[in-house]
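Presented below is the structure to which this report refers.
Keep in mind the model is a prediction, meaning the values are calculated, not measured.
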Amino acid sequence: MSRPIHFTILMAMVCSLSSSSIRADIDRGSWGPVLTFGIAPDGTLRQAVHAIVLKTGEVLCISEYVDPQAPLRNHMFLWTPPKIDDPDPENPGTFVTINPPTINSDSQVMYCAGHSQLPDGRIVFVGGGEGPGPPQAHSHAFIFDPEAPISSPWQRLNDMPNVTCGGGPVEGVRWYPTCNTLGDGRVVVVGGDELNPAGGCHTADAPLILDVTVFNAATGLFGQWTALPKPEHFYYYPNFFALSNSSAFYTGFESSAQIDPLPDPLIDHRVLTLPGGSWISFTDEPHIGSTNVMFWPDQILRSGGGRHFGAELTAQTWSINPTTKRPVWQPLADMTAPRRTHNLIMMPDGNVLAVGGLTTNGLGGEMSILEAESYNPDGDFWEPMAAMTHPRGYHSTAFLLPDGRIVATSLDYDPEPGVPPNPSDPPFTAQIYSPRYLFGGPRPQLTQIPYDWTVSYRGTFSVSVDREIAKAVFIRPATVTHAFTQDQHFVPLDVGKPSGLDYPISAPSNPDIAPPGYYMLFLLTPEGVPSIASMIKLQ
């Protein structure tokens with residue numbers, strides 16, 4: 001990149017900054033000011049322990065269960081982040097309270113639920129429950145419609161079924177389940193538990209498939225559940241990925257806190273063949289508290305964690321392709337620092353950003369790592385990036401916005417009896433990161449998009465831009481909680497020979513690589529600078 005381009009762009013964007021600050025932004029990116037989510041009008045505190053980026057560009061947020069006296073018990077709200085060119089750097093955006101779903105006038109708590117995006121852009125929620133004290137999980141399932149009236153966005157589905165265990169039925173409640181939408185539009189639900197299993201029986205041992213299109217006349221509700229063969233144990237929020245060969249892969253022990261004692265020996269990785277369902281298991285070294293991301297179709301990266309709670313953490317990184325005949329974890333370059341329960345975010349340029357995480361096997365925010373770091377899969381190396389102001393440890397979330405920035409927010413919250421919380425404390429704040437690609441030159445702008453914002457599998461669509469592009473990618477909007485983005489996909493697209501600045505782009509040919517639904521379409525210049533994403537429906 002030439003010096004005149006650097007000078008022209010950066011003088012226009014940050015003319016008041018010193019040259020050393022400009023250099024730091026180019027090399028390490030830049031975190032904006034701390035934004036306060038604060039207190040909602042009803043007195044509940046805003047957090048984003050669950051953060052779901054919707055097809056509208058809004059973010060559906062669910063708070064940790066913090067106040068048993070609050071009217072909504074755990075707060076849900078839509079957050080519209082401030083625009084990238086907002087003149088007020090401390091503007092936190094706008095917030096709209098969402099009433100939770102109800103059953104017989106009883107508000108249902110969706111904290112610690114599983115969630116994924118359906119083919120029409122609605123969001124399915126399964127399980128979850130309420131606390132504090134021994135959390136009370138439930139078996140309910142709902143759909144959130146971002147285009148429905150704000151007063152009634154919920155549709156109830158049939159409850160998850162009971163499972164047979166130890167010769168009798170076990171109520172099908174699930175706390176900490178994981179969801180993934182498959183290429184055929186159905187949803188696979190794995191893990192989650194009833195917390196206090198009778199006789200050692202676990203609902204986590206019974207994976208399920210959900211078809212939301214089937215109507216049950218007896219109940220008057222949609223949603224048909226099908227049980228899958230049972231593996232060993234899935235435990236809580238298993239890191240689970242849908243693959244291109246009609247299978248799904250469990251990468252190992254979850255990134256959230258482990259509650260039950262772990263079995264020994266450990267069966268750590270499993271492949272599930274769909275739609276019929278059969279399991280292949282293989283043993284590998286477990287790393288509790290590691291975080292996983294699918295950084296390329298079928299290519300999964302795992303970083304950090306420790307052999308067990310209390311063990312020294314590692315900075316090691318590995319990758320695996322579960323679709324090969326003999327899947328084996330391959331060592332990659334180490335992170336710049338050991339960490340666990342961090343968030344891994346796919347960026348439009350194909351790099352992976354690690355945000356937050358803890359330096360020990362505890363849960364305290366004071367042990368969180370402030371400095372982010374970026375992994376380059378092409379060169380196999382990690383680089384330190386700019387540091388956040390506030391710690392982001394357990395119960396934090398981090399996710400990509402359509403404008404290419406990354407949000408880091410929330411933290412575990414343990415209220416002191418009789419002491420009112422401070423809404424400017426880390427659990428109730430957010431900070432937005434501008435990666436260094438936003439300082440690398442002019443951003444391409446779309447002057448023409450696919451007709452009706454929709455593209456079809458195996459088809460070709462055209463885009464018109466105001467400057468040359470070299471790459472195009474689909475990134476499925478985040479459905480993140482507990483340091484793992486459920487239903488996550490990063491899909492590179494083939495860019496054809498242009499006619500002027502009109503580019504033909506090939507849509508994915510296989511719905512298993514990119515399940516139907518909405519994707520953020522990013523176009524990138526030869527310098528790796530992404531456009532602001534268009535939200536495109538793939539069908």
Side-chain angles (χ1 to χ4, degrees), residues 50-56 60 110 113-128 141-147 155 157-158 160 174 177-192 207-214 222-226 228 234 237-251 271-277 292-294 297-298 300 322 346 399-400 454-457 474-481 484-491 507-521 535-539:
H50 299 253
I52 296 99
V53 179
L54 304 172
K55 63 181 181 180
T56 59
L60 177 60
M110 308 306 294
H115 34 65
S116 65
Q117 182 199 156
L118 296 173
D120 58 7
R122 297 180 299 165
I123 308 298
V124 64
F125 285 82
V126 300
F142 301 91
I143 288 176
F144 177 85
D145 186 348
E147 293 185 325
Q155 175 189 355
L157 300 173
N158 283 303
M160 289 180 285
R174 291 180 189 254
T178 294
C179 295
N180 268 283
T181 299
L182 304 174
D184 61 10
R186 297 180 302 164
V187 177
V188 59
V189 179
V190 295
L208 300 169
I209 290 280
L210 169 64
D211 187 339
V212 302
T213 66
V214 177
F222 282 88
Q224 174 177 283
W225 295 93
T226 303
L228 296 174
F234 266 129
Y237 280 137
N239 286 192
F240 197 76
F241 297 91
L243 303 175
S244 67
N245 62 353
S246 298
S247 70
F249 180 61
Y250 171 46
T251 65
V271 177
L272 170 64
T273 302
L274 298 166
N292 298 266
V293 66
M294 189 156 60
D298 297 332
I300 295 166
M346 284 308 306
F399 50 92
L400 177 70
T454 301
V455 300
S456 299
Y457 291 104
F474 272 161
I475 300 180
R476 199 164 174 94
T479 52
V480 61
T481 188
F484 179 62
T485 299
Q486 303 180 26
D487 195 35
Q488 182 264 321
H489 291 272
F490 175 91
V491 186
S509 60
N510 181 357
D512 289 331
I513 290 178
Y518 282 80
Y519 289 80
M520 296 182 288
L521 169 64
M535 201 69 78
I536 303 296
K537 184 180 182 182
L538 178 62
Q539 63 182 17

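With a 4.5 Å cut-off on side-chain heavy atoms, L521 and F474 count as touching. For the pair R186/T226, no side-chain contact is recorded, criterion being any heavy-atom separation below 4.5 Å from C-beta on. A heavy-atom distance below 4.5 Å is found between the side chains of I143 and L157. Annotation: side chain of M110 is not in contact with side chain of H50 (no heavy-atom distance under 4.5 Å). Put simply, the side chain of P515 does not reach to within 4.5 Å of the side chain of Q117, judged on heavy atoms.
Note that the CZ atom of F142 and the CD1 atom of I123 stand 15.5 Å from one another [nearest 0.5 Å]. Separating the CG atom in N239 from the CZ atom in F484 is a distance of 4.5 Å, to the nearest 0.5 Å.
If you run side-chain contact (heavy atoms from CB on, under 4.5 Å) between H115 and each of V126, T481, V124, L60, only T481 comes through. Residue L228 is tested with V188, V189, V190 for a side-chain contact (heavy atoms from CB on, under 4.5 Å); the sole match is V188.
The closest donor-acceptor contact from the side chain of K55 to the backbone of D120 lies under 3.5 Å. Between the side chain of D487 and the backbone N or O of T181, at least one donor-acceptor pair lies under 3.5 Å. A distance-only check finds no donor-acceptor pair linking the side chain of D512 to the backbone of N245 [under 3.5 Å]. When atom types are taken as modelled, the side chain of D298 and the backbone of S244 share a donor-acceptor pair closer than 3.5 angstrom. Side-chain atoms of Q488 come within 3.5 Å of backbone atoms of M294 as a donor-acceptor pair (strictly under, hydrogens ignored). Side chain of Y518 to main chain of T56: no donor-acceptor pair is present (N/O by atom type, distance under 3.5 Å, no hydrogens or angles). Checked by atom type and distance alone, the side chain of T479 pairs as donor or acceptor with a backbone atom of Q486 at under 3.5 Å.
Annotation for F125 and I52: closest pair CZ-CD1, 4.0 Å, computed over non-hydrogen atoms.
Using cut-offs of 30° and 60° for the angle between ring planes, the F240 and Y250 rings count as tilted.
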